[in-house]
Amino acid sequence: MNLASQLFEVVRRLPWRPAVTSDSLTLDFAGLGDRVSRIAGTLAATMAPGDRVALCMENCGEVFELLFACWTAGLCVVPTNAKSHPKEVAYILESSGAKMLVVTPTLADAMSSLPVTVVCTGTASYSKLLDGVPLLPREVKPEAPAWIFYTSGTTGRPKGATLSHRNLLFMAHAYYADIDALNETDTKLHIAPLSHGGGLYSLPHLFKGSHQVVLGGSFDPARVFEAVAKYPNVTFFAAPTVVTRLVQSEAVQKADLKNLKTIYYGGGPMYVSDLHKALKLFGPRLFQLFGQGESPMTITGVSQRMHATGNDEVLGSCGYPRTGVEVRVVDADDMQVPRGEIGEIITRSDCMMSGYWGNEKATAETLRNGWLHTGDLGSMNEHGLLTLRDRSKDMIISGGSNIYPRELEEVLLRHPDVLEVSVVGRQHAEWGEEVVAFVVAKPGKQVEQPALDQLCLDNLARYKRPREYRFVDSLPKNNYGKVLKTELRQKLGAG
């Protein structure tokens with residue numbers, strides 16, 4: 001059950017239809033199929049089925065041919081955020097055992113010293129990938145790993161959520177069941193990173209022959225609306241902060257939205273007041289997703305029809321379980337709590353990961369009793385409507401990107417004069433949340449902000465560094481010595 005077989009069915013049926021349009025690559029399905037099969041032939045000649053290939057790429061058309069070339073060859077893809085620090089990428093390469101890393105030109109120098117074969121798009125090394133003997137999709141088991149998504153946790157070390165061919169096919173089927181019917185007249189516009197959920201949701205579109213249009217470079221509302229006006233039946237993913245920026249942009253005032261089909265959004269909180277503004281402009285074209293890397297894009301959803309009601313309770317929720325997905329709210333013993341009470345959200349479906357790559361302990365903790373424990377707290381009303389209440393893992397979501405406090409804290413504690421540190425999120429009108437670090441210096445020592453900034457920049461992606469440092473004499477703690485982050489957040493709220 002190779003996912004790549006779905007693409008080659010489209011290649012046979014719709015060879016002349018546009019497949020990919022980007023700054024670097026424009027292909028119809030015949031051209032995409034040809035390049036996929038030749039790259040697959042090259043990869044298969046040097047790698048064994050099940051081997052991993054990592055991608056650290058800015059948005060470009062080559063991502064799609066690499067995805068399907070790897071699957072055609074029976075390999076597994078390991079995507080990484082293009083904003084990642086080389087040290088972060090190095091850890092993912094080591095953990096996954098990837099044998100090759102493909103990068104885009106602006107990242108080539110930073111990644112060139114990593115201990116794997118590094119191939120850069122637009123260079124002779126990438127062109128050589130196209131010299132292979134054409135290969136058709138190899139047979140793979142439905143449970144074979146297809147995509148390993150590294151997501152950090154409270155331990156500060158990223159964990160590789162392993163998704164199989166079956167998982168991703170179920171994800172595509174749930175898209176058709178809950179979001180939209182698709183065909184070759186549809187356009188999937190990519191403005192979010194292809195290394196994340198937005199890229200995974202190219203699959204239901206590609207499997208139906210839809211056109212993938214990639215907007216490279218920095219986010220620009222005017223370019224988004226230009227693309228919406230140019231292409232038919234446009235769908236795109238946006239983090240809530242991006243939806244808000246589109247609504248607030250000057251370009252929206254004169255935007256031609258007749259070709260806009262669907263905006264699906266998720267990855268962070270969307271304020272109801274902002275959602276009403278978006279509905280006023282875009283109409284009932286919005287679909288909200290609640291998912292995780294461990295169950296990509298597919299736990300619950302708020303449909304277009306539900307958005308159209310304008311009901312604040314519905315708009316403030318994360319909707320009902322997706323088709324074929326079970327969702328419960330449970331207590332510490334995994335017993336279902338009464339309707340309306342808060343507990344941990346757990347889920348199970350064929351979209352649920354098989355486990356964390358090479359991490360049996362974390363897998364056992366997260367996949368208890370056959371259910372995925374999300375670590376998110378929520379409540380479910382008597383009709384089954386789920387509402388998120390808090391994040392038990394203290395994760396910060398800024399601009400749609402996940403930032404994990406423990407990871408930052410461990411880096412900041414490397415400073416020789418830092419005694420303690422605690423990182424929390426503060427609400428931000430544009431980004432959803434921003435990072436604030438509370439820092440306690442060792443007795444008699446003084447810590448300067450530039451040194452802490454540099455420490456972060458030397459070890460982590462730029463977007464993760466704190467936007468403010470607060471130097472305090474001590475951190476609030478309970479009787480067991482645990483830092484009370486709730487009190488820190490309250491201090492931020494009080495200014």
Side-chain angles (χ1 to χ4, degrees), residues 1-20 25 27-55 57 61-79 96 98-100 102 119 121 126 128-149 162-176 182-184 188 194-195 199-212 296 350-351 353-354:
M1 193 178 95
N2 193 325
L3 285 170
S5 299
Q6 304 293 314
L7 175 68
F8 281 95
E9 288 296 330
V10 177
V11 170
R12 283 188 282 270
R13 182 166 57 90
L14 302 167
W16 65 90
R17 292 293 303 184
V20 177
L25 199 65
L27 297 169
D28 58 20
F29 276 98
L32 177 60
D34 176 62
R35 289 172 68 94
V36 165
S37 63
R38 287 190 282 130
I39 295 173
T42 299
L43 296 175
T46 57
M47 296 187 191
D51 281 351
R52 277 75 62 205
V53 174
L55 309 180
M57 307 172 69
E62 286 84 352
V63 171
F64 303 110
E65 63 185 14
L66 287 164
L67 276 179
F68 283 94
C70 288
W71 292 334
T72 297
L75 308 177
C76 177
V77 178
V78 184
S96 66
K99 294 190 174 181
M100 177 183 289
V102 184
V119 175
T121 61
Y126 192 82
K128 287 182 179 178
L129 294 180
L130 293 160
D131 293 338
V133 177
L135 182 71
L136 290 176
R138 287 173 161 172
E139 278 292 322
V140 298
K141 294 181 179 179
E143 295 77 21
W147 172 290
I148 302 176
F149 179 72
T162 305
L163 303 172
S164 68
H165 288 256
R166 183 194 297 277
N167 293 152
L168 299 185
L169 190 59
F170 179 94
M171 178 198 73
H173 289 169
Y175 186 102
Y176 307 139
L182 301 172
N183 59 44
E184 64 271 21
K188 179 65 163 66
L194 290 170
S195 57
L200 273 180
Y201 255 13
S202 65
L203 299 186
H205 289 261
L206 281 163
F207 294 163
K208 293 294 185 178
S210 301
H211 186 189
Q212 310 297 301
D350 272 356
C351 204
M353 69 168 184
S354 58

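Between Asp28 and Pro18, the closest side-chain pair of non-hydrogen atoms is not below 4.5 Å. The closest side-chain heavy-atom distance from Lys99 to Leu75 is not below 4.5 Å. Put simply, the side chain of Arg52 reaches to within 4.5 Å of the side chain of Cys76, judged on heavy atoms. The side-chain heavy atoms of Met47 and Val53, taken from C-beta on, include a pair separated by under 4.5 Å. For the pair Phe207 and Leu182, the minimum side-chain heavy-atom distance is 4.5 Å or more. At least one side-chain heavy atom of Leu43 sits under 4.5 Å from a side-chain heavy atom of Met100. The closest side-chain heavy-atom distance from Met171 to Leu163 is not below 4.5 Å. Using a 4.5 Å heavy-atom threshold, the side chains of Leu7 and Leu32 count as touching.
Residues Thr42 and Leu130 approach most closely at OG1-N, 4.5 Å, considering heavy atoms. For the pair Phe8 and Gly33, the tightest heavy-atom approach, listed with the atom from each and the gap, is CE2-O, 3.7 Å. What you find for Met1 and Arg166 is that their closest heavy atoms are CE-CA, 3.2 Å. Between Leu14 and Gly209, the shortest heavy-atom distance links the atoms CD1-CA, 4.2 Å. Nearest heavy atoms, Ala73 versus Ala40: CB-O, 3.7 Å. Taking both residues in full, the closest heavy atoms of Leu200 and Pro296 are given as CD1-CB, 3.6 Å, listed atom of the first, atom of the second, then distance.
Under a 3.5 Å cut-off, the side chain of His165 and the backbone N or O of Leu3 do form a donor-acceptor pair. One N or O on the side chain of Asn167 and one on the backbone of Ser164 form a donor-acceptor pair closer than 3.5 Å. Looking only at distances, no side-chain donor or acceptor of Arg13 sits under 3.5 Å from a matching main-chain atom of Val11. A donor-acceptor contact shorter than 3.5 Å is absent between the side chain of Asp51 and the backbone of Ala98. Using a distance-only test at 3.5 Å, with no hydrogens or angles considered, a donor-acceptor pair links the side chain of Ser210 to the main chain of Asn183. Side-chain N or O atoms of Asn2 include one that pairs as donor or acceptor with a backbone N or O of Arg138 at under 3.5 Å. Not a single donor-acceptor pair under 3.5 Å links the side chain of Ser37 to the backbone N or O of Pro134.
If you take CG on Leu194 and OH on Tyr201, they are separated by 15.5 Å, rounding to the nearest 0.5 Å. Interatomic distance, CG of Leu169 versus CD of Gln6, reported as 5.5 Å (0.5 Å rounding). Between the NE2 atom of His173 and the CG atom of Leu203 there is a distance of 11.0 Å, given to the nearest 0.5 Å. Taking CG of Asp131 as the start and CD1 of Ile39 as the end, the distance is 10.5 Å to the nearest 0.5 Å.
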So Leu27 and Glu65, side-chain contact (heavy atoms from CB on, under 4.5 Å) or not? Walk me through it.
-> CA-CA 10 Å; Leu27 297 169; Glu65 63 185 14; 4.1 Å; yes

Output, in order, the C-alpha distance, side-chain angles, deciding distance and verdict of salt bridge (charged side-chain N to carboxylate O under 4.0 Å, His left out) for Glu184 and Arg17.
-> CA-CA 7 Å; Glu184 64 271 21; Arg17 292 293 303 184; 5.8 Å; no

Decide yes or no on side-chain contact (heavy atoms from CB on, under 4.5 Å) for Leu55 and Val77, but give the supporting numbers first.
-> CA-CA 7 Å; Leu55 309 180; Val77 178; 3.7 Å; yes

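In this structure, Lys208 is not positioned above the aromatic face of Tyr175 in the sense of NZ or CZ being under 6.0 Å from the six-membered ring centre and within 45° of the axis.
Between Phe68 and Trp71, the ring planes are perpendicular. Angles over 60° get that label, and only those under 30° would be called parallel.
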